[in-house]
Amino acid sequence: MAVDDHPYRFERTALAADLAATHAELGPGSETGQLVAVAGRVMLKRSFGKLVFLTIRDYSGRIQLLAESSRLAGDLFERVTEVNLGDWVGGEGEVVTTKKGELSVRLDSFVVLAQIHRPLPDKWHGMTDIEARSRQRYLDLIVNDRSLAVAQARAQVLSVLRSEFSQRGFVEVETPVLLSQATGAIARPFLTHHESLDLQMKLRISLELYLKRLVVGGMERVFEIGRVFRNEGIDSTHNPEFTMLEAYQALADYHDMITLVEEVFVSVVKSVTGGTTITYRGKSIDFNPPLRRATMLELVSEAAGEPVSLDRPLEELRGLAQRHGTEVDDRWGPGRVIEAIYDEVVEGSIWEPTFVTDHPKEISPLARIHRSSPDLTERFELVIAGSEYVNAFSELIDPLDQRTRFEEQAAARAAGDLEAHPLDEDFLRALEYGMPPTGGLGIGVDRLVMLVTDTHHIRDVILFPTLRPERPPT
RNA sequence: GGGCCCGUAGCUCAAGCAGGCAGAGCAGGGGACUUUUAAUCCCAAGGUUGAGAGUUCGAUUCUCUCCGGGCCCA
């Protein structure tokens, strides 16, 4: 083997994890006769003068290299002794176990692939500061195995989601990020500018209205997994850019969506954890179907200790809200007030996965009127461990009703309510061409990854989260 | 937006309450060592204590402003 350092490529023939799996049963002092070439980053080094142990890490795991001065020709042994923690190295030799039984590659040749120019973080304590880990994710991934595992779990979740929807005939599409009007949700958009059109543009805040246009166009089952942008605060569960999955299925209603979500969530949980139960914040969550279903009015009534309905006088509902410590706005109708009570006293107390259904019409301007109650909609949210993971409807398909709802939103906005949906004329025009009955759903992917990885800060599931610049631009 | 807290060597942390020479471990440098598992041992080196201002004979420590971050509340 050549002794040139820093070669342009290295022919690796074995991964650390494969060697560990293949040779799990070897006793101390074994020789396998298997010659391999391994490569990775040096994580640990223990030097004994004429004998050096290196622990290297490749993308599969860790393996020990054993260098004996008597086996290495020329200056190869000296090169091993000069290695720094963090260097990338390659080595060839026989798979053996040491006197203490540690699986190792006993080097016959060795090459430095790349040298480190800065010291790695503490080899034992790693890097703990959440800001530093986010800014220098490459270091976090090197020294914190957990961070790599979370990144891999995220990829696994995305893979399962794609496969679950694809298997059901959903077609993955891409809709515009750059828009003149950001619609489909309530959020402040990011503004930008198109130079040659001399046009102010906005980054999307939702996928909803474009996917519905595709259903109008006859793409009966579509889904998109994409980044949406909301120009709002940053905290442990909010990043300005985050990942949504939205899916729409023609000829289906929200009951079909509940079934679909239940199946998809069980599949994701099984794929990441191997079972139907996860541990989150030290407590277990059981996804064994069927998951609990309860209407929002049932849950609010239960929490209030008295029947709560949209029929009750608004003043009574406001009084009820105030007794539960909820501030209400004078402009709110009964639906908003009931939602406020729900947000204050119900949602946070739900632990086991629960489909909360049948939201008031007032707070659901894109959902279809409930087939048995004109003040409610056919809508559900999946709530787990006090947070919402899915929002879904029987979609509102009537262009006249949709226009009325948008106008109500516009009126509320004109009255000073910033929490109102913008009107989208082209979307209304699309509905006028006829949208079939459709079930739709949206899943917050980042939160789902947090849930199944028992991670409690959104920064830990986004590789490069939004951060302020490290130093002022000046 | 409000409250509380944090920022010291590349990393993980002391010293701070009650102002008096800023210390360790790891990493990096030099040396010893043929079976380690965060190897061990010896030596030397490593600092704008986030930035700026104030109080003081003297500030990492007290005060203020700013920068960055965390937790809780809204």
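Numbers restart at 1 for each chain; the letters A, B, ... are given by sequence-line order, proteins then strands.
- For B/rG19 and B/rA59, the P atoms lie 14 Å apart once the distance is rounded to whole Å.
- The side chain of A/Arg118 contributes no N or O atom lying less than 4.0 Å from OP1 or OP2 of B/rG10.
- With hydrogens and angles ignored, the 3.5 Å screen pairs no side-chain donor or acceptor of A/Glu381 with any backbone N or O of A/Asn391.
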What pairs of donor and acceptor atoms, side-chain ones from residues 18-29 of chain A against any protein atom, are under 3.5 angstrom apart with sequence neighbours left out?
residue	atom	partner	partner atom	Å
A/Thr22	OG1	A/Asp18	O	2.6
A/His23	NE2	A/Gln34	OE1	2.6

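- Across the strands present, B/rG1 finds its partner in B/rC73; the criterion is a Watson-Crick or G-U wobble pair with both atom distances under 3.5 angstrom.
- On the C1' atoms, B/rG50 is 37 Å away from B/rA39, given to the nearest whole Å.
- Rounding to the nearest 0.5 angstrom, the gap separating the OG atom in A/Ser206 from the CG atom in A/Leu179 is 10.0 Å.
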Give the table of side-chain donor-acceptor pairs shorter than 3.5 Å for residues 295-302 of chain A, with sequence neighbours excluded, one pair per line with atom names and distance.
residue	atom	partner	partner atom	Å
A/Thr295	OG1	A/Glu298	N	3.0
A/Glu298	OE1	A/Thr295	N	3.1
A/Ser301	OG	A/Leu297	O	2.7
A/Ser301	OG	A/Val308	N	2.9
A/Ser301	OG	A/Val308	O	3.4

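- The same atom, C1', is picked in B/rU49 and in B/rU35; the two are 43 Å apart, to the nearest Å.
- Contacts between residues 16-35 of chain A and RNA chain B, defined by a heavy-atom separation under 4.0 Å, are absent.
- Distance from the side chain of A/Ser236 is smallest for B/rC71 among the nucleotides B/rA38, B/rG69, B/rC71.
- With both ends at atom C1', the span from B/rA14 to B/rC6 equals 16 Å, rounded to whole Å.
- Atom CD1 of A/Ile130 is separated from atom P of B/rG7 by 17 Å (rounded to the nearest Å).
- Considering A/Arg46, A/Arg106, A/Glu102 in turn, A/Arg46 is the only one that fulfils the side chain to side chain donor-acceptor pair (under 3.5 Å) rule with A/Gln64.
- The one candidate from A/Asn239, A/Val177, A/Thr466 that meets the side chain to side chain contact (heavy atoms under 4.5 Å, CB included) condition with A/Phe229 is A/Val177.
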Base-contact (B) and sugar-phosphate-only (S) positions in nucleotides 27-34 of chain B, heavy-atom cut-off under 4.0 Å, - elsewhere
SSS---BB
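- A straight line from CZ of A/Arg46 to C1' of B/rA39 spans 7 Å, rounded to a whole angstrom.
- Nucleotide B/rG46 has no partner under the Watson-Crick or G-U criteria, as no pair reaches both atom distances under 3.5 Å.
- The side chain of A/His125 contributes no N or O atom lying less than 4.0 Å from OP1 or OP2 of B/rC26.
- The CD1 atom of A/Ile116 sits 10 Å away from the C1' atom of B/rG10 (whole-angstrom rounding).
- Contacts classified as ring pair (Phe, Tyr, Trp, His ring centres under 6.0 Å) and involving residues 341-368 of chain A (residues at least two apart or in different chains) are given here: A/Phe355-A/Phe380.
- Nucleotides B/rC17 and B/rG31 are separated by 43 Å at their C1' atoms, to the nearest Å.
- At B/rC71, one or more side-chain N or O atoms of A/His457 fall inside 4.0 Å of OP1 or OP2 (strictly under the cut-off).
- Using atom C1' as the reference point in both B/rG46 and B/rC26, the two lie 13 Å apart (nearest Å).
- B/rU12 is paired with B/rA24 under the criterion used here, namely a Watson-Crick or G-U wobble arrangement in which both key atom distances are under 3.5 Å.
- Judged as a salt bridge (charged side-chain N to carboxylate O under 4.0 Å, His left out), the pairs with a partner in residues 227-239 of chain A (not counting sequence neighbours) are, in order, A/Arg227-A/Glu241.
- Closest heavy-atom contact between A/Ser60 and A/Ala17: OG-N, 2.9 Å.
- Backbone-only engagement by A/Arg135 is indicated by non-hydrogen atom pairs under 4.0 Å involving sugar-phosphate atoms exclusively.
- Atom P of B/rA38 sits at a distance of 27 Å from the matching atom of B/rU8, rounded to the whole Å.
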